[in-house]
S.K.: 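Got a structure for you, questions after.
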Amino acid sequence: MDPYLVEALAAQVDRAALSGETLTMLSAEHGELDLHSAYSIQRASIARRLGRGEKLCGMKMGLTSLAKMQQMGVHDPIYGHLTDAMILEPGGALSLSGLVHPRVEPEIAFTLKADLKGTPSPDEAMAAVGSVHCAIEVIDSRYTDFKFTLLDVIADNTSACRYIMGEGYAPDDLELGNLAMKMDVGGREQRSGTSAAILEHPALSLARLVAMLSRCDEGLKAGQTILAGAATAAVHIAAGDRVEVEVAGLGSVSFSVES
Ligand code: 0L1
Ligand code: MG
């Protein structure tokens, strides 16, 4: 794809995330959009955020559950970028103003104590993890009528919007591959699953992210946060909801939703 078009589409994606304006599917108007150009648009949109002073603080994995991959007709997860503007403190309030289709997912997050690059095994990837956290991801696809393809989602930074992390725990004491996970949304919707739904094991998700980044000669840095993926389907949120996620061995974390 022409680099000028990548920049123009990144500006559209960025504006939608900033203002809550909806986006027309990029793939419908640009037949040349492919995996490479979709990630280029994502990176160019993140560069715009960093240019405004946001700090890159980590990465996220998306479409990590078999159910979600089947729903989207894909075999691979996808990744997005996290900035400090996406952090919501535990117990904090999220305003729906400027959001388009906000939903929540129960997740596991890692904080890294060492850099990661190349193609580590899950055990090698876990050796770089300083702490494990229960987490909530708020995703917000900016596409009109919630219609998009995989390439559109990648260009839109995998719908990343906000994330909330609970207290950190040492990874060694946990059976990370099979932790019970529960999410309550306003007392009206409950979801439950296990961490095994996150690409079979959150450590595998982390290792896979590093391998995907290595194809672009990139890696992860000590201090970064990684959202490993969701254990259940996403749930829509509405003003007045209190959202809580509890993970066995990792405690719980919550936030509230305001209009
Ligand atoms: O975090 C994720 O799994 C990304 C989901 C992207 C698609 C969507 O908005 O449902
Ligand atoms: Mg997610």
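Counting starts at 1 for both ligands and their atoms, in listed order. Predicted model only: the values in this text are computed from it and were never measured. FYI, side chains are in, hydrogens and waters are out, and symmetry mates aren't considered; it's all heavy atoms of this structure. In what follows, residues are counted from 1 in the order of the sequence shown.
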S.K.: For D14, run the side chain to side chain donor-acceptor pair (under 3.5 Å) check against R52, R142, R49 and tell me which one passes.
M.R.: R52
S.K.: Nearest heavy atom to atom 8 (C) of ligand 1 wins, so pick from R142, M69, R103, H101.
M.R.: R103
S.K.: Test your reading of the structure: does S159 have an N or O sitting under 3.5 Å from an N or O of ligand 1?
M.R.: yes
S.K.: Please note down the angle at the Mg ion (ligand 2) between OE2 of E107 and OE1 of E105, to the nearest 10°.
M.R.: 90°
S.K.: Scan V185, L96, V104 and name whichever one has a side-chain contact (heavy atoms from CB on, under 4.5 Å) with V257.
M.R.: L96
S.K.: May I ask you to list the atoms of ligand 1 that are less than 4.0 angstrom from any heavy atom of V153?
M.R.: 6 (C), 7 (C)
S.K.: Using a 4.0 Å cut-off to any heavy atom of K60, which atoms of ligand 1 qualify?
M.R.: 1 (O), 2 (C), 4 (C)
S.K.: Begin from the C-alpha positions of L213 and L209 and carry the test side chain to side chain contact (heavy atoms under 4.5 Å, CB included) through to its verdict.
M.R.: CA-CA 6 Å; L213 290 172; L209 170 62; 4.0 Å; yes
S.K.: With side-chain contact (heavy atoms from CB on, under 4.5 Å) as the test, pick out the partner of M181 among T194, I108, T232.
M.R.: I108
S.K.: For the Mg ion (ligand 2), find the closest N/O/S atom belonging to E137 and write down its atom name.
M.R.: OE1
S.K.: Identify, by atom number and element, the atoms of ligand 1 in contact range of T158, meaning under 4.0 Å from any of its heavy atoms.
M.R.: 4 (C), 6 (C)
S.K.: Students should be able to answer this: which protein heavy-atom is nearest to atom 3 (O) of ligand 1, and at what distance?
M.R.: L63 N, 3.0 Å
S.K.: Between ligand 1 and E105, is the shortest N or O to N or O distance under 3.5 Å?
M.R.: yes
S.K.: About how many Å separate OG of S65 and CG of L63, when rounded to the nearest 0.5 Å?
M.R.: 8.0 Å
S.K.: Look at the aromatic rings of F148 and Y143 and report parallel, tilted or perpendicular, splitting at 30° and 60°.
M.R.: tilted
S.K.: Please check if the side chain of D115 supplies one atom and the backbone of A222 the other of a donor-acceptor pair under 3.5 Å.
M.R.: yes
S.K.: Does any N or O atom in F146 lie less than 3.5 angstrom from one in ligand 1, N or O only?
M.R.: no
